[in-house]
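All values derive from a computational prediction rather than experimental measurement. Below, each value reflects all heavy atoms present in this structure, side chains not excepted, and no hydrogens, waters or symmetry copies.
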2 protein chains.
Amino acid sequence: MENPSGTKKLGVRALAKMTGFSTGTISRVLNNSALVNAETRRQVLEAIDKAGYTRNPAARALATQRTKTIGAVVPTLAHSIFARFLNAIEQELAGRGYALVIATSGEDADTEERRARELIDLGAEGVILSGAVHNVSLLEFLSAGKIPVICTSVCKGQNGLPAIGYDNAALGQKALRFLVSLGHKNLLVLHGPKQNNDRTRLRIEGVMTGASETGAKVQLLETTLDVAGGTKSAADYFSSKHPGASAVLCLSDVLALGVLFEAGRRGISVPGDLSLMGFDDLDWAAHSVPSLTTIRLPTARMGTHVAKALMGKLDSAEPIETLRLDAEIVQRESVADVKT
Amino acid sequence: MENPSGTKKLGVRALAKMTGFSTGTISRVLNNSALVNAETRRQVLEAIDKAGYTRNPAARALATQRTKTIGAVVPTLAHSIFARFLNAIEQELAGRGYALVIATSGEDADTEERRARELIDLGAEGVILSGAVHNVSLLEFLSAGKIPVICTSVCKGQNGLPAIGYDNAALGQKALRFLVSLGHKNLLVLHGPKQNNDRTRLRIEGVMTGASETGAKVQLLETTLDVAGGTKSAADYFSSKHPGASAVLCLSDVLALGVLFEAGRRGISVPGDLSLMGFDDLDWAAHSVPSLTTIRLPTARMGTHVAKALMGKLDSAEPIETLRLDAEIVQRESVADVKT
DNA sequence: CTGAAAGCGCTAACAA
DNA sequence: TTGTTAGCGCTTTCAG
């Protein structure tokens, strides 16, 4: 009579009735508490299984004040660099029973704020942001709610926010120095939209620092952040009056792929006629012809660290430390000494 | 005295006290109910803003029995095809206040089941799965909980489950026919791991159907699903005793990129010496040299449909209809008529 | 249009 | 080791 047609969703209460134990005991079993008799646990588990019981996560969250959910807002999922990053986070979180909720901002700060607030509204206990530049109102909102945040892909957060990532400026500088050390004095630097993207701005900044320090001449060219952007810019540049550069540095590998294609189309030999360097070390970089010299960003490692830091904070109140991960130049076939 | 040091988290109750209205009214305002006096609403909103109130999503979920969360289990995020898919889903869901929780299975059915259950346990109201083949125990679990599921990337679900995707077998067949129609009679077909991947198996099946129907000779070669797999297989094949194929059909674009690179390395002209065709239409396919003939999968459209179907089911109990999306061949430079 | 009150299903003291 | 009993914070009838 209690459960006419198996239709009513059953809860701890029903289980208690079925097994003869109390809801407290049921709850203990559900939470793997050590204070339960083995036989009791067995019986309860059996009932749970037989009844096809599933616990109500909302009720649990309400009672414990924990949702075990963390939110990430990234510019887009369409770039494998972010997908790889989230993949690593997800793996790490899953191992400890956390869920990852994702949202995309399209590199827009207002959208980012809106989406981040939505994530909080949906129960995220911690938030992962990309880059160091965010709306102040968002940061105030988060700090008011005491919600842990981590800025990623950068090594210095805004307003003292913790960051886990790499030093974009230093890497840009490193890349430029490397090329100069090979004898290149005239460089073309291709990059994606600067607007709303502080990682790109930092890389450019580093490149310029390296340029003035070495006296190399660099020309900056901004384009869309995709293969098409790479081919188009390369085409424009090669057709321009003074192509003169002996090397092209792309601040993203996707752009380098475009350049590589365009060079092939025009019969420009890489690295014979032109050296090419990227940034990211995507999947294909080791296999292209020529293979691409690039900077290997520690994307996956970054994801793992971010996840761990957030869980440490949430589970054990460990402070989140800013972390700068190293990234190295992976030298492959696409660059060569400048002809003497 | 009520709120000593601004430390205690305030709720509807506190707001009620502050504004002089009842918690019911506060709740109505929070939910944009029409039954609230404009002035009352204004006052409440002001208080909410001033107090920096944020509603507790768990309590809301418990009271409404809705979490507005849907879960997706995909093999991996590392392949842009899935990232693109999820991106579209996320965009669509976000517009209606739903959140997307993702989990990865690594193409393993048991892991998939585990992860799907976790998602449910975390509050997912609906589940998105990749492919048509899943553990029966998972499907039973889902149907027992009356949790809507959609199989994606396929056009026919297991056990009558709804599916939204494309007809992999038909597309494989279509691709093969296309190549044969160009005069190719001897083909190499490169594909990723068949195990635990019914989409790949279906594509192969279609290819074989096309082969027997046209009398074309096809050689299957399985490899890892990445650029490296493409280059390696191509290298092996080109070095083999009887390379004879006049065209290579890759059941994923990433493999085609690898083949393209390897052909370039060996001075094999595409499509002069060898035609090359892919499957997916990734970002770079239109820009490679030669540009890649491929099958454009409606990934984003699929995501949009999936999201809409799930929300329709959840919000308005609309049944989820299986949907087969069309995919077309995008003809570009990488294929040519076989030399006569 | 607004208030009062009854839960949603679970967990966590506190007792026993 | 197990039972009892309050809530967690919000929504939602039902009155008024």
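Among residues two or more places apart in sequence or in another chain, the salt bridge (Lys or Arg N to Asp or Glu O under 4.0 Å) test is passed with Arg60(B) by none. For Asp315(A), the salt bridge (Lys or Arg N to Asp or Glu O under 4.0 Å) partners are Arg66(A), Arg96(A), not counting sequence neighbours. With sequence neighbours excluded, the residues that form a side-chain hydrogen bond (donor to acceptor under 3.5 Å, both in side chains) with Ser27(B) are Asn31(B). Legend: residues meeting salt bridge (Lys or Arg N to Asp or Glu O under 4.0 Å) with Arg55(B), ordered by chain and number and at least two apart, are Asp121(A). For Arg41(A), the side-chain hydrogen bond (donor to acceptor under 3.5 Å, both in side chains) criterion is met by no residue, not counting sequence neighbours. For Ala103(A), the side chain to side chain contact (heavy atoms under 4.5 Å, CB included) criterion is met by Val73(A), Arg115(A), Leu119(A), Glu90(B), not counting sequence neighbours.
A side-chain N or O of Glu113(A) and one of Asn135(A) form a donor-acceptor pair less than 3.5 Å apart. Residues Arg13(B) and Thr23(B) bring no donor and acceptor atom of their side chains to less than 3.5 Å of each other. Gln158(B) and His134(B) share no side-chain donor-acceptor pair at under 3.5 Å.
The side chain of Ser22(A) approaches dT2(D) more closely than any other nucleotide in the set dC10(D), dG3(C), dT2(D).
To the nearest angstrom, P of dG3(C) lies 15 Å from CZ of Arg13(B).
No donor-acceptor pair closer than 3.5 Å links the side chain of Thr111(B) to the backbone N or O of Glu107(B).
Residue pairs meeting the salt bridge (Lys or Arg N to Asp or Glu O under 4.0 Å) criterion with at least one partner in residues 67-80 of chain A, sequence neighbours excluded, are absent. A salt bridge (Lys or Arg N to Asp or Glu O under 4.0 Å) check over residues 22-40 of chain A, counting only residues at least two apart or in different chains, returns the pairs Glu39(A)-Arg42(A).
Each end of the helix from dC1(C)-dG16(D) to dA16(C)-dT1(D) yields a helix axis from five base pairs, and these two axes differ in direction by 30° (to the nearest 10 degrees).
Remark: Thr23(A), Gly24(A), Thr25(A), Arg28(A), Leu35(A), Val36(A), Asn37(A), Thr40(A) in residues 23-44 of chain A come within less than 4.0 Å of DNA chain D through at least one heavy atom. Within residues 114-124 of chain B, no residue has any heavy atom closer than 4.0 Å to DNA chain C. Listed by residue number, the members of residues 55-66 of chain A with any heavy atom below 4.0 angstrom from DNA chain D are Leu62(A), Ala63(A), Gln65(A).
Tyr166(A) does not carry Arg324(A) over the face of its six-membered ring by the limits of under 6.0 Å from the centre and within 45° of the normal.
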